[in-house]
Number of protein chains: 2
Amino acid sequence: MNNTTAQAATLRELLRTLIRKLGVLERSEAGCCDMTLSQCNALIEVGRAGVLSVNQLADRLNLDKSTASRVSDKLVLDGQLLRQEDPNDRRYVVLKLTERGSQTYANMENRMTAYFEEVMAGVDPAERTAMLRGLQTLDAALNSDSCC
Amino acid sequence: MNNTTAQAATLRELLRTLIRKLGVLERSEAGCCDMTLSQCNALIEVGRAGVLSVNQLADRLNLDKSTASRVSDKLVLDGQLLRQEDPNDRRYVVLKLTERGSQTYANMENRMTAYFEEVMAGVDPAERTAMLRGLQTLDAALNSDSCC
DNA sequence: AATAAATTGTTGCATAATGCAACTGATTCA
DNA sequence: TGAATCAGTTGCATTATGCAACAATTTATT
């Protein structure tokens with residue numbers, strides 16, 4: 001169907017520009033916290049989850065476990081994360097935010113919240129729900145596809 | 001307005017998962033072509049533009065010009081790009097796809113086209129246009145914001 | 001016409017990320 | 001009890017990245 005082809009092309013183009021813009025946003029955010037992007041992403045995931053193992057962190061970030069191990073090492077060294085032994089299974093490490101890490105996380109959350117509220121405020125109220133639903137539709141479609 | 005706050009939070013979460021999924025897709029695509037992600041992105045931009053200068057490539061990829069210079073160097077070395085002197089201004093380099101680069105580009109385009117058609121086919125036809133419009137709305141909102 | 005300023009692209013340097021394979025220690029399974 | 005599996009670490013090699021300084025070229029100024 002010709003229509004799907006054209007729509008698929010439009011989708012790709014929209015996603016391409018979206019990725020670029022969000023990439024800029026992410027890097028700017030990481031810069032604000034004096035961290036690398038990877039460290040930022042790791043801190044956010046631990047912040048959102050409360051506690052994570054190294055393997056869980058790797059899964060969430062789509063990284064090799066060795067990479068997750070190193071980035072969490074760095075964050076522990078910087079005082080942003082705490083590494084604890086799991087009392088139930090000593091193979092496991094439990095990663096959680098330190099007090100300082102919580103501050104950093106809250107700072108990032110606040111800035112990102114403010115940013116996206118601003119973005120949302122720039123959208124016609126009548127279109128906001130439709131926009132979100134569109135993203136939810138895409139999310140579901142990507143889930144059911146075999147690549148992601 | 002409480003509504004904007006909740007909607008902003010939903011937007012962030014949707015974008016977070018979208019970035020993760022598309023990141024996996026990008027890396028998988030780069031792997032298919034036996035290239036690094038950065039090289040892939042550079043080739044795609046040159047392919048889409050026809051010709052680009054190094055600075056233009058840097059702008060499109062949101063990279064430092066030194067990085068753009070190196071990644072295009074690599075692609076020239078691999079025979080995917082051709083670097084020519086600009087006859088009008090010898091400061092400029094003109095980057096374009098070689099025959100081999102055109103093949104690589106076409107392969108990537110075909111695979112991505114097929115993938116997104118599959119994604120689109122998984123969306124209810126009645127929702128496709130709304131989904132695309134939602135992404136277009138977001139795109140416009142991000143453009144008018146000061147960060148990107 | 002000569003000089004200064006700006007632009008393009010390259011290179012040196014330093015930092016960081018990344019994945020694979022191999023390894024250690026711990027737990028589970030047969 | 002020994003083998004298999006799991007979690008996490010480490011060595012290794014590769015790649016990406018941006019900043020600053022530089023050379024060559026073009027444009028602007030005097």
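Below, read A as the first sequence line, B as the second, and so on, with proteins coming before strands; counting in each chain starts at 1.
- One interatomic measurement links the two molecules: CE of B:M35 to P of D:dT15, which rounds to 12 Å at whole-angstrom precision.
- Proximity note for B:R83 (side chain, C-beta onward) versus D:dT10, D:dT25, C:dT10: the nearest is C:dT10.
- Of the candidates B:L18, B:I19, B:D139, B:L18 is the only one forming a side-chain contact (heavy atoms from CB on, under 4.5 Å) with A:L18.
- Comparing C:dG9, C:dT18, D:dT17 against the side chain of A:R70 picks out C:dT18 as the nearest.
- Of the candidates C:dG9, C:dA26, D:dT9, the closest approach to any side-chain atom of B:V54 belongs to C:dG9.
- To the nearest angstrom, P of C:dT27 lies 16 Å from CG of A:N55.
- Clustering ILVMFWY residues whenever any of their side-chain heavy atoms sit less than 4.5 angstrom apart, transitively, puts B:Y92 in a cluster other than the one holding B:L97.
- Note on B:Q39: a side-chain N or O is less than 4.0 Å away from OP1 or OP2 of D:dA16.
- Checking side-chain atoms of B:R100 against main-chain N and O of B:D78 turns up a donor-acceptor pair under 3.5 Å.
- In this structure, A:E85 atom CD and D:dG8 atom C1' are separated by 12 Å, rounded to whole Å.
- Distances from the side chain of B:L63 to the nucleotides D:dT17, C:dT10, D:dA7 place D:dT17 closest.
- Listed nucleotides: D:dT9, C:dT27, C:dA17. Nearest to the side chain of A:S66: D:dT9.
- When the C1' atom of C:dG25 is taken as reference, atom CG of A:D86 falls 15 Å away, rounded to whole Å.
- When each of B:V93 and A:V71 is assigned the nucleotide of DNA chain C bearing its nearest heavy atom, the one mapping closer to the 5' terminus is B:V93.
- C:dT7 atom C1' lies 13 Å from atom CD of B:Q56, rounded to whole Å.
- At the phosphate of C:dG19, OP1 or OP2 sits under 4.0 Å from a side-chain N or O atom of A:T67.
- Residue A:D64 contributes atom CG, which lies 14 Å from atom C1' of D:dA13 at whole-angstrom precision.
- Nucleotides of DNA chain C nearest to A:R90 and A:N62 differ in position, and the one nearer the 5' end is that of A:N62.
- Phosphate contact (OP1/OP2 of D:dG18, side-chain N/O of A:R27, threshold under 4.0 Å): present.
- To the nearest angstrom, P of D:dA7 lies 14 Å from CG of A:N88.
- For D:dT9, the OP1/OP2 oxygens have a side-chain nitrogen or oxygen of A:S69 closer than 4.0 Å.
- Put simply, CG on B:L75 is 13 Å from P on C:dT10, counting in whole angstrom units.
- Among the protein residues, B:L37 comes within range of no part of the nucleic acid, since none of its heavy atoms lies under 4.0 Å from any strand.
- Side-chain atoms of B:D124 come within 3.5 Å of backbone atoms of B:A126 as a donor-acceptor pair (strictly under, hydrogens ignored).
- Panel note: side chain A:R128, backbone A:M120; a donor-acceptor pair is recorded below 3.5 Å.
- Using a 4.0 Å heavy-atom criterion, one finds that A:S38 contacts the sugar-phosphate atoms exclusively.
- Nearest to the side chain of A:T36, among C:dT10, C:dG19, C:dA16, sits C:dA16.
- A:T5 and B:E117 share a donor-acceptor pair across their side chains, judged by distance under 3.5 Å alone.
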